[in-house]
Amino acid sequence: MLGKIIVRRIGKKRLAVRITELEIYDGFKDLASHASKGQTPRNKIMFAEGGYFYIYLVYGMYYMINITTGEKNYPSAILLRGGTIVSKLKNLPTYKLETNLNGPARRNFSEKNLGGPGKLSKFLQVNKKFNEKLARPKNGLWFETDDSLKSKIKISKTPRIGVNYAGPIWSKKKWRYVITQKHNLTKIY
DNA sequence: GGAGTGATGACA
DNA sequence: GTCATCACTCCA
């Protein structure tokens with residue numbers, strides 16, 4: 001998933017973000033995973049086969065975007081935690097320019113960086129209506145592959161964020177993956 | 001460093 | 001029904 005493009009269609013416009021940061025939530029035993037307590041109404045899509053969105057609200061404000069992975073009945077998903085905007089500039093929504101991205105004229109990495117899962121969903125305008133939907137263009141939210149970057153990215157692994165409640169074994173696993181090399185990531189896709 | 005926010009799931 | 005707890009962000 002790292003380096004791939006997540007695309008959101010809103011009317012005729014497309015928002016595109018290259019994924020640069022994610023976390024793995026894997027299986028029944030992973031105490032950081034919502035699925036560690038078994039199947040519930042919220043997490044049931046985690047038990048589907050790969051390719052479905054798992055969207056939920058945290059802290060009353062932020063939607064987390066996850067994509068399911070693996071076999072049916074095995075709960076696993078990848079949380080998208082950050083990316084860089086690679087939309088054509090004419091497609092950028094105006095609200096974004098007023099907040100943390102400082103306008104279309106300045107285009108260096110940090111200003112196009114969406115660091116944090118809440119920013120990602122805010123920019124892509126993704127909410128719970130995408131929960132349990134397949135990642136497909138007809139659903140308005142999907143992934144594309146940009147092969148030009150494949151061999152160039154460098155990846156570092158760290159513990160997952162905000163999961164201390166999972167105890168030392170699971171909170172320390174290096175299941176957060178980040179693209180550390182910034183070169184080329186902002187190229188308009 | 002701390003407020004904000006509301007769904008979720010555990011327990012009664 | 002009540003309660004604590006959160007896969008966080010922003011402003012200070």
Side-chain angles (χ1 to χ4, degrees), chain A residues 1-4 6 8 15 17-70 74-85 92-103 106 109-133 135 141 143 155-180:
Chain A
M1 296 300 298
L2 276 178
K4 285 189 185 298
I6 183 168
R8 167 88 161 99
L15 301 175
V17 173
R18 187 186 308 284
I19 297 161
T20 58
E21 177 182 347
L22 56 79
E23 284 175 2
I24 293 166
Y25 290 86
D26 182 47
F28 299 92
K29 295 179 182 173
D30 177 5
L31 291 180
S33 169
H34 289 171
S36 66
K37 294 172 184 170
Q39 191 168 329
T40 68
R42 178 173 65 164
N43 70 20
K44 74 176 194 304
I45 196 62
M46 290 187 77
F47 292 74
E49 64 269 34
Y52 290 86
F53 287 108
Y54 173 36
I55 313 287
Y56 62 90
L57 188 68
V58 281
Y59 302 113
M61 293 182 235
Y62 304 109
Y63 291 102
M64 303 287 103
I65 304 174
N66 299 249
I67 183 77
T68 65
T69 60
Y74 183 81
S76 54
I78 290 172
L79 168 66
L80 308 184
R81 286 195 54 90
T84 59
I85 298 167
L92 294 181
T94 51
Y95 82 86
K96 179 187 63 61
L97 306 178
E98 297 160 4
T99 57
N100 57 331
L101 296 167
N102 299 331
R106 304 164 64 190
F109 179 84
S110 63
E111 288 171 347
K112 295 185 71 175
N113 190 31
L114 300 170
K119 291 179 184 173
L120 202 59
S121 58
K122 182 181 175 188
F123 175 75
L124 291 172
Q125 299 176 50
V126 166
N127 58 26
K128 256 193 105 168
K129 76 182 180 190
F130 291 96
N131 189 38
E132 304 185 1
K133 292 278 194 298
L141 188 63
F143 297 96
I155 297 170
S156 64
K157 298 160 70 172
T158 80
R160 292 172 290 182
I161 306 296
V163 295
N164 289 333
Y165 61 86
I169 304 281
W170 295 97
S171 64
K172 286 178 182 170
K173 282 193 183 296
K174 293 185 173 179
W175 284 1
R176 172 173 173 256
Y177 287 60
V178 186
I179 297 182
T180 49

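Computation of the quantities below employed the complete heavy-atom set of this structure, encompassing side-chain atoms and omitting hydrogens, waters and symmetry-equivalent molecules. Throughout, a chain's letter reflects where its sequence line sits, starting with A, and its residues are numbered from 1.
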Can you check the [X] [atom1] to [N] [atom2] distance for me, whole Å?
X	N	atom1	atom2	result
A:Ile161	C:dA7	CD1	P	13 Å
A:Tyr59	C:dA7	OH	C1'	7 Å
A:Met61	B:dA3	CE	P	12 Å
A:Asn127	B:dT5	CG	C1'	16 Å
A:Tyr62	B:dG4	OH	P	13 Å
A:Met64	B:dG6	CE	P	15 Å

| said: Can you tell me whether the base of B:dA7 sits syn or anti, using the 90° cut around 0 to define syn? | reply: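 You should classify B:dA7 as anti.
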query: Which atom names give the shortest non-hydrogen contact between A:Lys172 and A:Pro159, and what distance separates them?
result: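 Closest heavy-atom pair between A:Lys172 and A:Pro159: O-CG, 3.9 Å.
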**Item:** Closest non-hydrogen atom pair, A:Thr68 against A:Glu49
**Value:**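 Taking A:Thr68 first and A:Glu49 second, the nearest heavy atoms are OG1-O, 2.8 Å.
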Are the side chain of [X] and the backbone N or O of [Y] linked by a donor-acceptor pair below 3.5 Å?
X	Y	result
A:Glu21	A:Gly115	no
A:Arg160	A:Ile24	yes
A:Arg8	A:Gln125	yes
A:Ser121	A:Val126	no
A:Asn43	A:Thr40	yes

With both pairing distances under 3.5 angstrom for Watson-Crick or G-U wobble, and | for a partner in another strand, the correct string for DNA chain B is ||||.||||||.
| query | Among side-chain atoms of A:Arg18 and A:Thr84, is any donor-acceptor pair under 3.5 angstrom? | reply |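 Note: A:Arg18 and A:Thr84 side chains miss the donor-acceptor criterion.
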Looking at every strand, decide which applies to A:Arg81 at a 4.0 Å heavy-atom threshold: base, sugar-phosphate, or nothing. sugar-phosphate
Any N/O pairs under 3.5 Å between the protein and nucleotides 7-10 of chain B? List them or say none.
{"from": "B:dT8", "atom 1": "OP1", "to": "A:Lys128", "atom 2": "NZ", "distance (Å)": "2.5"}
{"from": "B:dT8", "atom 1": "O3'", "to": "A:Arg42", "atom 2": "NE", "distance (Å)": "3.4"}
{"from": "B:dG9", "atom 1": "OP1", "to": "A:Thr40", "atom 2": "OG1", "distance (Å)": "2.4"}

Can you give each donor-acceptor pair under 3.5 Å made by side-chain atoms of residues 52-65 of chain A, sequence neighbours left out, with the distance rounded to 0.1 Å?
{"from": "A:Tyr54", "atom 1": "OH", "to": "A:His34", "atom 2": "ND1", "distance (Å)": "2.6"}

